[in-house]
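Source: prediction; values computed, not measured. Counting starts at 1 for both ligands and their atoms, following the listed order.
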Amino acid sequence: MSFPDLVDRLADVRSRIELARQRGGHAQRVEIVAVTKTHGIDAVQAAWQAGITKVGENKVQEAVPKMDAVAVGCEWHLIGHLQRNKAKQALRFALVHSVDSLRLAQALDRAAAAATTSQDVLVQVNTTGEASKGGFSLAELQFALDELRECAWLRIRGVMTMAPFDASEVVLRSAFGAARSARDMVRAAGFDASELSMGMSGDFEVAVEEGATLVRLGTILFGSRSL
Ligand SMILES: *Cc1c(COP(=O)(O)O)cnc(C)c1O
């Protein structure tokens with residue numbers, strides 16, 4: 001399969017992002033992470049040709065064969081839950097968005113130390129208390145900061161969140177606003193944490209209005225997924 005209208009879709013999404021950015025007034029830079037999960041490497045190649053430099057996958061075992069098969073120079077981002085026993089393989093990603101527990105942070109830190117390589121990560125927050133979603137509550141994150149600081153091989157670059165599916169705009173805004181507060185809290189604690197990964201195909205404009213710096217877009221770029 002190829003993606004003939006990707007260039008047009010991207011142009012439309014970029015202009016919607018820019019308008020949302022101006023409405024929100026946070027004066028941030030916004031970058032697209034093109035989510036290629038379930039698609040073949042043709043999606044990665046099409047995205048690269050259309051000017052995308054960041055590609056997102058939600059599973060290590062799906063991403064690694066694609067990384068090995070594709071020749072383009074994009075950055076790979078891990079956006080889905082990571083099992084601790086796959087921490088070593090996660091070092092292949094430029095950014096792991098989904099550090100959703102202290103134990104996972106510590107496992108990644110140990111893997112990075114063993115490889116003597118620093119790993120960029122985001123801390124995933126769950127600001128709505130949805131049981132089906134992973135991540136730190138704001139209170140848990142506050143308490144975890146000292147232990148996260150001990151993870152010397154991790155560079156905590158910001159916060160990621162997933163809003164409830166099909167939520168009203170009011171709920172989205174409060175979830176995204178709470179994630180922004182979490183990012184600001186991490187930054188105030190002395191981490192070099194400027195990134196705010198939030199917003200998917202259905203809610204990216206509200207996310208950008210609330211300060212998103214990385215939007216994770218799949219369906220709106222590549223069409224619906226068969227899996
Ligand atoms: C699949 C996925 C996305 C992209 O979702 P779309 O609605 O297709 O844009 C974003 N973030 C995460 C964590 C995902 O798993």
Side-chain angles (χ1 to χ4, degrees), residues 1 3 5-6 8-14 16-17 20 30-44 46-47 50 52-64 66 74-83 86 90 93-101 104 108 120-128 130-136 157-169 171-172 175-176 178-180 182-183 195-227:
M1 205 168 92
F3 302 90
D5 49 358
L6 180 61
D8 293 339
R9 288 178 183 216
L10 255 176
D12 175 57
V13 164
R14 285 195 198 286
R16 287 167 63 184
I17 287 173
V30 184
E31 291 188 87
I32 295 171
V33 178
V35 178
T36 50
K37 67 185 184 197
T38 77
H39 295 290
I41 60 169
D42 52 346
V44 180
I52 288 282
T53 58
K54 299 178 189 331
V55 164
E57 288 279 335
N58 68 332
K59 293 189 181 122
V60 170
Q61 65 272 28
E62 182 182 342
V64 165
K66 292 185 191 177
C74 58
E75 261 182 27
W76 294 82
H77 289 215
L78 184 66
I79 61 174
H81 175 67
L82 173 64
Q83 288 167 285
K86 298 204 174 76
F93 292 85
L95 183 65
V96 176
H97 292 225
S98 42
V99 172
D100 54 10
S101 71
L104 174 58
L108 265 175
D120 282 357
V121 301
L122 304 179
V123 175
Q124 184 172 347
V125 296
N126 176 348
T127 62
T128 56
E130 266 188 300
S132 63
K133 292 212 173 79
F136 293 83
R157 308 309 311 273
V159 162
M160 178 272 226
T161 202
M162 287 178 76
F165 183 68
D166 256 357
S168 69
E169 188 179 323
V171 172
L172 288 177
F176 291 144
R180 189 182 64 239
R183 192 271 319 269
E195 303 293 345
L196 191 46
S197 168
M198 59 191 196
M200 306 176 27
S201 292
D203 58 21
F204 72 93
E205 286 162 298
V206 181
V208 170
E209 286 174 13
E210 292 298 325
T213 65
L214 293 165
V215 290
R216 309 179 307 267
L217 304 176
T219 315
I220 200 167
L221 299 180
F222 302 110
S224 59
R225 290 178 287 269
S226 47
L227 300 180

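Counting only non-hydrogen atoms, the option in K133, K37, Q124 that gets closest to atom 15 (O) of ligand 1 is K37. Comparing S98, S201, G202 by heavy-atom distance to atom 6 (P) of ligand 1, the nearest is S201.
At a 4.0 Å cut-off, not a single heavy atom of I220 sits close enough to ligand 1 to count as contact. At least one heavy atom of R225 sits closer than 4.0 Å to an atom of ligand 1.
With 3.5 Å as the limit, one finds a donor-acceptor pair spanning the side chains of E57 and T36. S98 and Q124 share no side-chain donor-acceptor pair at under 3.5 Å.
Under the 4.5 Å side-chain criterion, counting only non-hydrogen atoms from C-beta, L6 is not in contact with I52. In this structure the side chain of T213 never reaches within 4.5 angstrom of the side chain of E31, judged on heavy atoms. By the 4.5 Å heavy-atom criterion applied to side chains, F204 and I32 are not counted as neighbours.
With a 4.0 Å cut-off on non-hydrogen atoms, M162 touches ligand 1 through its side chain and not its backbone.
For ligand 1 and T219, the ligand atoms under 4.0 Å from any heavy atom of the residue are 6 (P), 7 (O), 8 (O), 9 (O). Heavy-atom contacts of R216 reach the following atoms of ligand 1: 4 (C), 9 (O), 10 (C), 11 (N), 12 (C), 13 (C) (cutoff under 4.0 Å). Interface of L217 with ligand 1, defined as ligand atoms under 4.0 Å from a residue heavy atom, comprises 9 (O).
The environment of K59 atom NZ is sparse: at most 12 non-hydrogen atoms of other residues, nucleotides or ligands sit within 6.0 angstrom.
M200 CE, 3.4 Å is the protein heavy atom nearest to atom 5 (O) of ligand 1. In terms of protein heavy-atom proximity, atom 12 (C) of ligand 1 is closest to I79 CD1, 3.5 Å.
Ion pair R16/E205 flagged as a salt bridge, since at least one NZ, NE, NH1 or NH2 atom sits closer than 4.0 Å to an Asp/Glu carboxylate oxygen.
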